[in-house]
Every structure is written in structure tokens, then in C-alpha cells.
Participant: 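Sharing a structure here in C-alpha cells format.
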There are 2 protein chains.
Amino acid sequence: MAQSSNVTPLFNDLAKVEHDHNIACQDCALYRLCLPLGLHRNDLAELDEIIQRSQSFPRGHALFNTDTSFHSIFVVRSGSFKTTVQAVDGREHVTGFYFPGEFIGMDAIYAKAYKSTAKSLESSTVCELPFEKLQEFSATMPQLQIQLMSRLSRELSGDKSLMFLLGKKTAEEKLATFLLSISKRFQDRGFSAADFQLTMSRGDIANHLGLAVETISRLFTRFQDDGLIYTKNKAISLRDAERLKQLCG
Amino acid sequence: MAQSSNVTPLFNDLAKVEHDHNIACQDCALYRLCLPLGLHRNDLAELDEIIQRSQSFPRGHALFNTDTSFHSIFVVRSGSFKTTVQAVDGREHVTGFYFPGEFIGMDAIYAKAYKSTAKSLESSTVCELPFEKLQEFSATMPQLQIQLMSRLSRELSGDKSLMFLLGKKTAEEKLATFLLSISKRFQDRGFSAADFQLTMSRGDIANHLGLAVETISRLFTRFQDDGLIYTKNKAISLRDAERLKQLCG
DNA sequence: CGGTGACTTGAACCTTTTCAACAGGCGTGG
DNA sequence: CCACGCCTGTTGAAAAGGTTCAAGTCACCG
């Protein structure tokens with residue numbers, strides 16, 4: 001288990017990502033979740049050329065921050081990341097968590113500057129997509145363009161849900177929603193929906209959900225006492241996803 | 001003052017929008033804020049053809065809801081809108097307010113279905129952009145494509161800030177931030193940054209900021225007592241924008 | 001094995017919500 | 001044009017959900 005901590009991948013292919021830094025898009029286990037989906041074979045080969053596959057970053061590595069000049073958007077290849085925005089007074093908000101196949105840095109496109117910071121939560125790798133070239137390619141690959149817009153739109157839609165969560169949900173509903181969201185994303189990636197590692201700290205979860213760490217801690221305890229989940233440090237098992245769903249509000 | 005309630009436009013041109021439903025993009029006062037910015041003259045003329053300019057909607061008109069089938073994204077031409085997302089239990093969150101030149105419905109692109117509802121806050125008009133055609137055009141107009149991505153990206157970035165606001169700011173900071181944001185947007189549109197009409201209700205503001213109506217009401221009173229603002233029903237004057245800015249956190 | 005940071009637990013506190021009552025605008029219809 | 005009624009907004013008092021503070025435990029890493 002080199003870079004991704006999440007137990008045994010159900011798709012054998014997914015293991016490949018961990019070991020080969022230079023695997024091509026068409027052979028990548030993430031293909032069906034990733035940008036190239038729907039591209040013609042030739043186009044894909046071309047796109048493949050411009051993608052820069054990173055070496056493994058250690059936990060806590062900053063992919064970019066607000067001082068980094070904007071040239072690329074990133075796709076998580078293995079591991080996981082968090083993004084944060086900061087206020088002048090130092091307060092920080094965790095705006096999202098990102099897993100393999102998910103895009104980071106799209107909110108930087110319009111200003112051509114990163115407005116946020118991205119940090120790895122564990123040993124991780126990314127595919128770097130130089131934005132200029134991506135845009136050039138889009139001009140001749142309508143499918144690529146559609147994919148990019150689609151990605152942006154999906155994140156937008158997710159953020160609206162997150163706004164609802166932050167603005168309207170109770171602590172209990174927030175955590176239940178969060179756990180199921182993570183579960184779903186692991187499942188989509190061929191991992192168990194019930195048992196997984198929370199790669200982020202309790203502090204990160206609390207921050208992301210607009211709660212205090214203590215509240216998260218208490219909720220974990222209560223959920224466990226109620227037989228909804230079982231936690232042991234970073235590991236978590238969803239014991240009653242159905243009841244958890246009902247708690248989402 | 002037919003459709004837009006916001007006092008006297010500083011740009012004379014802006015008044016035109018109010019009266020001529022079929023004004024072309026290149027003659028539109030919103031041009032510099034809108035999608036066509038940067039398009040070549042010929043391309044613009046082509047784009048112009050596919051844009052459907054709406055008649056005036058009354059206050060409370062639903063531009064779309066989750067049952068509407070997705071065909072178009074919209075640009076506000078005059079007036080203002082709010083978008084909301086709903087939970088199964090009926091709870092609703094106001095995810096944003098939209099003013100002339102701003103885009104509505106971009107979060108629907110990826111699923112080809114509206115996940116939210118858009119309602120006019122006053123008598124308003126929109127430009128409807130059929131999405132299929134927009135995508136066709138984008139294939140041959142790189143500038144259009146860039147504009148669309150840019151718009152999506154900007155909204156994304158704004159939503160991250162909103163998440164920070166909802167998750168980390170106090171009631172006071174939330175309202176101060178909100179007022180300055182609205183002020184800025186009016187200013188960008190050639191209206192006074194200091195004096196304007198809040199076209200949305202206190203309830204909408206409260207909901208959007210994740211607060212109770214009573215809290216908003218109390219804050220308005222307090223801000224007024226402190227000489228920061230002056231309110232009379234929907235009308236508001238920012239008396240001390242500097243101090244307001246310091247309250248934003 | 002020891003130290004440091006992450007997590008947990010308890011208790012007091014506080015900001016915001018909820019409940020309740022009232023005032024004020026606005027639109028409708030007489 | 002005024003009166004009525006309803007919805008929106010305001011204000012006060014009580015309640016609560018979550019935070020903060022404080023202390024202690026636990027896991028991980030050098």
C-alpha cells in the first residue's frame with residue numbers, strides 16, 4: 001500500500017496507478033472517471049503528451065498556494081488533497097477534499113491566479129494539465145471542451161449543496177452527509193463503501209463542515225454508541241448507512 | 001424606471017436595456033460585463049442570432065426549477081434573480097443573487113438538468129442562451145469557450161468565498177460582507193456604490209447568509225445606530241464603507 | 001521510550017435561534 | 001380612494017445548539 005491508504009482496490013487496475021508514474025491515460029485505471037473520457041483515440045494520444053505526471057508528494061505537500069503563479073490545473077492520480085481559502089486575519093476554511101480522478105484548481109482559471117491552497121493529505125500523485133495547452137487543444141477537440149465545462153459545472157453544483165449544508169444543516173446532519181459523500185466517492189473508485197480510511201484529520205473535517213473539532217469528536221462518539229459507525233482512529237466503518245442517510249436531513 | 005429598481009444608471013446606455021427587448025449584443029450596455037466580450041465582430045453577429053431575449057417577467061417568476069428540462073443557460077439583462085436549492089424536507093437555501101450580466105444555470109450543465117430554482121426578485125428580463133448551440137459555436141470560437149470557462153470558474157471562486165462566509169464568519173461579518181458585495185456589483189454596473197435598493201427580502205438575505213430573519217433585522221438596526229448604514233425599507237445607503245469593510249473579517 | 005500533536009471528554013458560556021407579540025407596507029377589493 | 005388583510009419586518013425574552021476553555025488520553029514518530 002504505497003500511496004493510497006484505502007484498503008484493497010476492487011479493480012485490480014487501480015493498483016497500477018500506484019506504481020507506474022508514466023502510465024498513459026488509455027491504460028489508466030481512472031480513465032472512466034477522468035478528463036479523457038469520450039475523447040477519440042488520436043486526440044487522447046495528443047492530450048497524453050502534454051500531461052505531466054508528478055512524482056509522489058509526501059503528506060502535507062502544497063500543490064500550490066496563493067503565491068504560486070497559475071499555469072495548470074491538476075487531477076488527483078493517487079492519494080488525496082484538501083483545498084483551503086484564507087482570510088486576512090489567518091482564519092482558514094477547508095473548501096473541499098479531492099480524491100483520484102477529481103480536479104483541483106479550476107477556480108483559478110478566470111483570474112489566472114490561484115485563490116486557494118491545495119495540500120496533500122497523504123502520500124499522493126497528480127497529473128498536471130498545463131492550462132494554456134489544454135485551451136489550445138480544446139479548440140480542436142470539442143469533447144475535451146465539453147468535459148472541462150462539465151467538470152466545472154459539477155463542482156459548482158457540489159458547492160451549492162455544500163452551501164446548503166453549511167447554511168442550513170445541524171451538526172449531526174452535516175457529519176452524516178459528509179460521511180456518506182466520502183463513502184460514495186470511494187465506492188465510485190472501486191473501494192468499499194462501508195470501510196475506509198479518513199485521510200483528513202478531525203480538525204479538517206470540523207473546519208470543512210463549519211464546526212468545532214470537539215463537536216466532531218463528540219458526534220463520532222455518539223454515532224458509534226448508536227451503532228451507526230465504528231471508528232478506530234482514521235479508520236471508519238459505516239454500520240448502518242440507511243439510518244445515516246435518514247440523518248442527512 | 002420600468003424593470004430595474006436601482007435608481008439612476010450612471011451610464012446612459014444602461015437605460016436602453018430596459019426599453020428595447022431586441023437590442024443586439026454589440027449595442028447592449030452590458031457588453032463589457034457579458035459573454036460576448038472579446039468575440040470577433042462576425043462571431044458576435046452569429047452568437048447574436050441564437051440568443052433569445054425574454055419579455056419582462058414579473059416579480060416572483062420562476063425562470064426554471066428542478067422540473068424544467070435543461071436547454072439553456074441565462075444571462076440577466078435587467079432586474080435581479082435569486083437561486084435556491086431545496087432539501088427533501090422542504091428546507092431551502094438561497095445559493096445566490098444575480099444581477100445584469102451575470103449567468104444563471106451553469107451548475108446544470110454537467111447533469112443536463114437544473115438542480116436548483118431561479119426566481120426573479122423584481123420585474124426582470126433575461127437573455128436565454130440555448131446550450132446546445134452555444135457548445136456548437138464554441139467549437140469554432142475559442143474566445144467564446146474561454147469566456148464560458150471563465151464564467152464558470154469565477155462563480156466557482158465566488159462560491160468558495162461564500163463557503164468561507166457560511167462556515168467561519170459571525171453574523172456581523174456575514175452581513176457586512178454581503179452588503180459590500182452587493183455594493184461592488186452595483187458599482188460595476190454603473191450604479192451608485194453607496195445608495196441602492198435591496199431587491200431581495202430580509203428573509204432571502206438571512207437565508208442566504210445562514211442566519212435567522214430576526215438576526216438580520218437586529219443587525220440592520222444596529223448598523224444604522226452605529227452610523228454604518230441608513231435603511232428605509234428596501235432602500236439602503238452605505239454611510240461608512242470603510243468601517244464596514246473592517247467588519248468583514 | 002519520550003515528546004509532541006491529535007483526539008476525546010466535561011463544564012461553562014455565548015452567539016444565534018426560536019417563540020411571541022406587535023408594527024408597518026403593500027396590494028386588493030369595495 | 002380608503003379600509004382591510006396579509007405578508008414583511010422589527011423588537012424583546014427565553015432557549016438551545018454549538019463553541020470555548022480546560023484537562024486528560026492516546027497515537028505516532030523520531
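Protein chains get the first letters and strands the later ones, always in sequence-line order, with residue 1 at the start of each.
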Participant: Starting from P on D:dG9, measure out to CD1 on B:I236 and report it in whole angstrom.
Facilitator: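 Those two atoms, CD1 and P, are 13 Å apart.
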
Participant: What is the bend of the helix from C:dC1-D:dG30 to C:dG30-D:dC1 when you compare the axis at one end with the axis at the other, using five pairs each and rounding to 10°?
Facilitator: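 It works out to 50° between the end axes.
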
Participant: Of all nucleotides in DNA chain C that come within under 4.0 Å of a heavy atom of chain A, which is furthest toward the 5' end and which toward the 3' end?
Facilitator: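 Result: C:dC7 to C:dA11.
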
Participant: If the condition is side chain to side chain donor-acceptor pair (under 3.5 Å), which residues does A:K115 pass it with, not counting sequence neighbours?
Facilitator: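 Side chain to side chain donor-acceptor pair (under 3.5 Å) list for A:K115, sorted by chain: empty.
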
Participant: Would you mind building the protein contact string for nucleotides 11-30 of chain D? One character per nucleotide, 5' to 3', B for base within reach (heavy atoms under 4.0 Å), S for sugar-phosphate only, - for untouched.
Facilitator: BBB----SBBB-----S---

Participant: Cation-pi between A:R91 and B:F164: NZ/CZ under 6.0 Å from ring centre and within 45° of the ring axis?
Facilitator: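 Judged by the rule, A:R91 and B:F164 form no cation-pi pair.
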
Participant: Indicate every side-chain donor-acceptor pair of residues 241-249 of chain A with a distance under 3.5 Å to a residue at least two apart or in another chain.
Facilitator:
residue, atom, partner, partner atom, Å
A:R243, NE, A:D240, OD2, 3.0
A:R243, NH2, A:D226, O, 2.9

Participant: Show every ring pair (Phe, Tyr, Trp, His ring centres under 6.0 Å) that has at least one partner inside residues 230-249 of chain B, sequence neighbours left out.
Facilitator: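 Sorted result for residues 230-249 of chain B: empty, none.
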
Participant: Kindly write out the residues that satisfy side chain to side chain donor-acceptor pair (under 3.5 Å) with A:K174, not counting sequence neighbours, or none if the list is empty.
Facilitator: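 Residues passing side chain to side chain donor-acceptor pair (under 3.5 Å) with A:K174: none at all.
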
Participant: Using whole Å, what does the distance between atom P of nucleotide D:dC7 and atom CG of B:D204 come to?
Facilitator: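 About 16 Å, once rounded to whole Å.
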
Participant: Sequence neighbours excluded, which residues qualify as side chain to side chain donor-acceptor pair (under 3.5 Å) partners of A:T84?
Facilitator: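 If we apply the side chain to side chain donor-acceptor pair (under 3.5 Å) test to A:T84, skipping adjacent residues, there are no hits.
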
Participant: For B:A193, give me all partners under side-chain contact (heavy atoms from CB on, under 4.5 Å), at least two apart in sequence or on another chain.
Facilitator: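 B:S183, B:Q187.
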
Participant: Over all strands shown, is B:K174 touching base, sugar-phosphate only, or nothing at heavy-atom distances under 4.0 angstrom?
Facilitator: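 Answer is nothing: B:K174 stays at 4.0 Å or more from every strand.
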
Participant: Can you sort out the partners of B:A118 under side-chain contact (heavy atoms from CB on, under 4.5 Å), two or more places apart, ordered by chain and number?
Facilitator: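 Partners of B:A118 by the side-chain contact (heavy atoms from CB on, under 4.5 Å) criterion, ordered by chain and then number, come out as B:L63, B:F64, B:T83, B:I104.
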
Participant: With sequence neighbours excluded, tell me which residues meet side-chain contact (heavy atoms from CB on, under 4.5 Å) with B:A235.
Facilitator: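 So B:A235 forms a side-chain contact (heavy atoms from CB on, under 4.5 Å) with B:Q197.
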
Participant: List in chain and number order the residues that pass side-chain contact (heavy atoms from CB on, under 4.5 Å) with A:K160, two or more places apart in sequence or in another chain; answer none if no residue qualifies.
Facilitator: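 If we apply the side-chain contact (heavy atoms from CB on, under 4.5 Å) test to A:K160, skipping adjacent residues, the hits are A:L156, B:V85, B:T95, B:Y98, B:D107, B:E155, B:D159.
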
